[in-house]
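Contents: one structure, followed by commentary.
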Amino acid sequence: MNNTMPGTGNAIATECYNTCFVLNENNNYFVVDGGGGNTVIRQLTHVGLDWMAMREIFITQHIPHE
């Protein structure tokens, strides 16, 4: 099993951090805290992962917007 951390966080973020990682084995992917927007797609592509092949995602927390 491989663990890839695509680094979807932002160094200048002060209120919300994204610690996305992807577990994969035999072309089966399990994304943890993938976040939103185009950043996660860009970072997954950058590390060589096909985001279109990912079918499982797990969100560990939700931070409500005020």
Side-chain angles (χ1 to χ4, degrees):
M1 180 171 291
N2 296 315
N3 179 8
T4 304
M5 301 184 85
T8 58
N10 184 331
I12 60 173
T14 59
E15 296 184 27
C16 181
Y17 300 95
N18 188 346
T19 56
C20 174
F21 64 93
V22 181
L23 300 173
N24 69 58
E25 185 172 60
N26 301 323
N27 292 321
N28 293 307
Y29 300 95
F30 185 71
V31 181
V32 179
D33 290 337
N38 292 331
T39 301
V40 69
I41 294 171
R42 182 179 67 236
Q43 290 302 103
L44 290 170
T45 301
H46 178 74
V47 297
L49 297 175
D50 179 10
W51 64 271
M52 293 290 289
M54 298 178 187
R55 300 288 182 260
E56 309 285 337
I57 187 167
F58 181 75
I59 308 296
T60 61
Q61 61 186 329
H62 172 72
I63 300 172
H65 297 286
E66 293 185 28

Open item on the list: Could you work out, with side chain to side chain contact (heavy atoms under 4.5 Å, CB included) as the rule, every residue matching N3, not counting sequence neighbours?
Closed with: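 Partners of N3 under the side chain to side chain contact (heavy atoms under 4.5 Å, CB included) test: M5, F21, L23.
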For residues 47-59, dump all side-chain donor-acceptor pairs below 3.5 Å to protein atoms at least two apart in sequence or in another chain.
residue	atom	partner	partner atom	Å
D50	OD1	M52	N	3.1
R55	NH1	M52	O	2.5
R55	NH2	M52	O	3.2

- [ ] List the atom of M1, the atom of E25, and the distance in Å for their closest heavy-atom pair.
- [x] N-OE2, 3.4 Å
- [ ] Name all residues meeting the side-chain hydrogen bond (donor to acceptor under 3.5 Å, both in side chains) criterion together with N28; count only those two or more places apart in sequence or in a different chain, and write none if there are none.
- [x]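 For N28, no residue satisfies side-chain hydrogen bond (donor to acceptor under 3.5 Å, both in side chains) once neighbours in sequence are set aside.
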